[in-house]
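Take a look at the structure set out below.
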Amino acid sequence: MRLLLTALCMLYGASLFAQNKTISIDTKNSSLVFAVGKNERLYQVYFGRKTAGTDYTKFKTTHEAYIGGGLDDWFEPALRMVHNDGNPSLELHYQSHTSTGNADSIQTDIVLKDPAYPVEVVLHFTAFPNEDVIKAWSTISHNEKKPVVLSQYASALLHFDADQYWLTQFHGDWAKEMNMEESRLTNGIHIIDSKLGTRADFYRAPLFFLSLNQPSTENTGELIAGTLAWTGNFRFAFEIDRLNSLRVLPGINNYASDYTLQPGETFTTPAFIYTYSNAGKGQASRNLHKWARNYAVLDGNQPRLTLLNNWEATEMNFNENILSGLFDQTKQLGVDMFLLDDGWFGNNHPRNGDTAGLGDWQPNKAKLPNGIGHLVQEATAKGVKFGIWLEPEMVNPKSDLYNKHPDWILRLPNRQEHLERNQLVLDLTNPQVQDFVYHIVADLLDENKDIAYIKWDCNRPMTNTYSPYLKQQQSHLYIDYTRGLYKVFERVRAKYPHLPIMLCSGGGGRTDYGALKYFTEFWPSDNTDPLERIFIQWGYSYFFPANTIAAHVTNWGKQSLKFKTDVAMMDKLGYDIKVSDFTAKELQFSQQAIANYKRLSEVIWKGDLYRLVSPYDNQRAVVMYVNDDKTKAVLFNYHLYPRRAEVFYNVTLQGLDPNKQYHVKETNLFPGTQSHNAANDKVYSGAYLMNIGFNPSNGGTPEVLSSHVFEITAE
Ligand code: DGJ
């Protein structure tokens, strides 16, 4: 039995549906189909591979499209509402629907209404046919006499009918983000959620794969990849019911978040973004990458800046002289920009460590007597761009801001303050605080027009969470904080639409498409040990394109500079290291690597990603990127800890044109070394490389923690 739906359909031929009318959300390869029942409710009759000529109204299903709580359903609802008269139930009847758009994106809005109460729910879907991605969200409004209370508000609801369900989720902690774990869902409800408020993705990432019938692999299996565009508490519920049907409910976490909705007000849920693949996780990733670059990430198809950051090299111990030397090193290295990290501000409470200064965004006079403008000018004069670090949502108790605006801080009355990294979170539910945070960024940029980049950090989650501003409405805090944050992002972007900004949260505490709309890239982890980074970047690569994943060469790890560089080049290359400690050969190697990266980055940033050999299953990891017209590919090969006499064989490539001839060239070689690879400088057909392949590991047992990069060019 492949799909229960199909089986039931064969058992019961008669239509359950009022009209022979269906609403179909179609992408190139998938269809999500709804039909209106004789009882006027809306049902999901199909989701899966697109099948032309099917009469879905013949399908028998009880999968209501968006289930109201408290009525006649036994499992997890999509929306739970208590009406102004205390009635805790919701019935939703189909009213109408519209579809607008073009071949690239089509929006369908389905209007549902409660027959007994003036409540309207609109289910919104944007289909991106070319990328095979669907974006789904809902809006909830009412005209009752008094407010209603929402206690569950999923962005969407998807039903599946399969023999087995396999969930892949990603969890972590500081410096160990994105560990992939796959398990079979069993009867009952499985939740992946966050209650952290800020830095929401710290322990669990807001994304998953759901495979049907059996675990999917990189190239096989039917699955969806899903993620929520929300920079706050999220919740994915997966519930298997008594008939082994699965419902998936993605949305804002309703934990401590009953939402009082005023008459005439609209509650808009964040978008659930998902893609269907019947060719494994690799295809799902490529769909999401394309979609992200085209629609979801700020300037997703524009070039990124390579950079030298000073955090690992100096932490907060710097002055104008030291920075001036670092500008020279930036130039010498050949990267585009110098990024000044934490520690440049605070006077009454100087930021010389993480105990003081957050909130006081004036340049520290002892370290930087001539201010930021002078630094920007000097960097520019030396031929490098200048970027700067901010953590504008936070405050240290040792700061002027803390003393001046105690009412701007999230913390419980009658309880001890709970500090994390010696800091507290500002109350972004308060419009005055939003304005303050906006001006930290806007004033700095207005005063220093040549600032070319910002790193926006956020180093603590919420605890002891209470807003002085919200008073009796504390259950709005988590949601209104994130909305307040978005208002600030909106204002910054209205004024500075294209300034590159890195989304950082002490590593991967904020990695979601809700924020990436305003950001060009994110910092995946403070852990830059390249061995760890292979796994961390591997994890993020499932959902985010390479040009959004910042990867820096640092002093973490004892591996060779080549290995570190090769790992960072797999994504968005940067440096955070004392270049002055490089040997002459290391400097020469790095300069050449940066030049190579500039040549290859177009393919890495915009190409199709193929994960060829997984570090989860092997002592080597191999990935390749191929550009759209299949004329250029880059292959990265990393050895982890091969056992004694362990031999690695050929790797078959993917995504090439079988009829083209390709020149294989090993690149990024350390000065004084040469390629020993048998395929180096040879020409093969795409068919050969994809069927027989070549051995990027040279044959024999490779050195532990060694790596190779190959440039593959159509002749
Ligand atoms: C956490 C970030 O992840 C680091 O890169 C660095 O910017 C520090 N914060 C600075 O406090």
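Atoms within a ligand are numbered from 1 in the order they appear, just like the ligands themselves. Counting from 1, the numbers follow the sequence of the chain as shown. Keep in mind the model is a prediction, meaning the values are calculated, not measured. Every heavy atom of this structure was used, including side-chain atoms; hydrogens, water molecules and symmetry mates were not.
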(Q) Looking at ligand 1, is there an atom of it that comes within less than 4.0 Å of some heavy atom belonging to Lys455? (A) yes
Q. Looking at ligand 1, does Met316 have a heavy atom less than 4.0 Å from it?
A. no
Q.
Per the ring-ring contact (aromatic ring centres under 6.0 Å, His included) rule, what does the pair list look like for residues 491-514, sequence neighbours excluded?
A.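 Qualifying pairs, neighbours excluded: Trp291-Tyr513, Tyr513-Phe544.
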Q. How about Tyr478 and Trp230: are their ring centroids closer than 6.0 Å?
A.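 No, the ring centres sit 6.0 Å or more apart.
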Numbered atoms of ligand 1 (with element) below 4.0 Å of [X], judged on heavy atoms:
X	answer
Gly507	3 (O)
Gly506	1 (C), 3 (O)
Asp526	1 (C), 2 (C), 3 (O), 4 (C), 5 (O)
Cys504	2 (C), 3 (O)
Trp523	3 (O), 5 (O)
Asp341	6 (C), 7 (O), 10 (C)

Q) Identify the closest protein heavy atom to atom 11 (O) of ligand 1: which residue and atom is it, and at what distance? A)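 It is Asp342 OD2, 2.7 Å.
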(Q) Among all the protein's non-hydrogen atoms, which is closest to atom 9 (N) of ligand 1, and how far away is it? (A)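 Checking every protein heavy atom, the shortest distance to atom 9 (N) of ligand 1 gives Asp457 OD2, 2.7 Å.
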State whether [X] and [Y] are salt-bridged, where the test is any N-O pair (Lys NZ or Arg NE/NH1/NH2 against Asp/Glu carboxylate O) under 4.0 Å.
X	Y	answer
Arg460	Glu391	no
Arg533	Asp571	no
Asp354	Arg421	yes
Asp529	Lys176	no

Q.
Residue-level breakdown please: for Ser505 versus ligand 1, do any non-hydrogen atoms fall below 4.0 Å on the side chain, on the backbone, on both, or on neither?
A. neither
Q) How does Asn459 reach ligand 1, if at all, at less than 4.0 Å between non-hydrogen atoms: by side chain, backbone, both, or neither? A)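 For Asn459, only side-chain atoms sit under 4.0 Å from ligand 1.
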**Q.** Partner of Tyr402 under side chain to side chain contact (heavy atoms under 4.5 Å, CB included), chosen from Asp360, Leu358, Ile409
**A.** Ile409
(Q) So if I apply the side chain to side chain donor-acceptor pair (under 3.5 Å) rule between Asp566 and each of Thr667, Asn668, Asn637, which one comes out positive? (A) Asn668
Q) Trp389 to ligand 1: N or O pair under 3.5 Å? A) yes
Q. Can you find an N or O of Trp311 that's nearer than 3.5 Å to an N or O of ligand 1?
A. no
**Q.** Shortest non-hydrogen contact from Gly197 toward Ala200
**A.**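 So the minimum-distance heavy-atom pair works out to O-CB, 3.5 Å.
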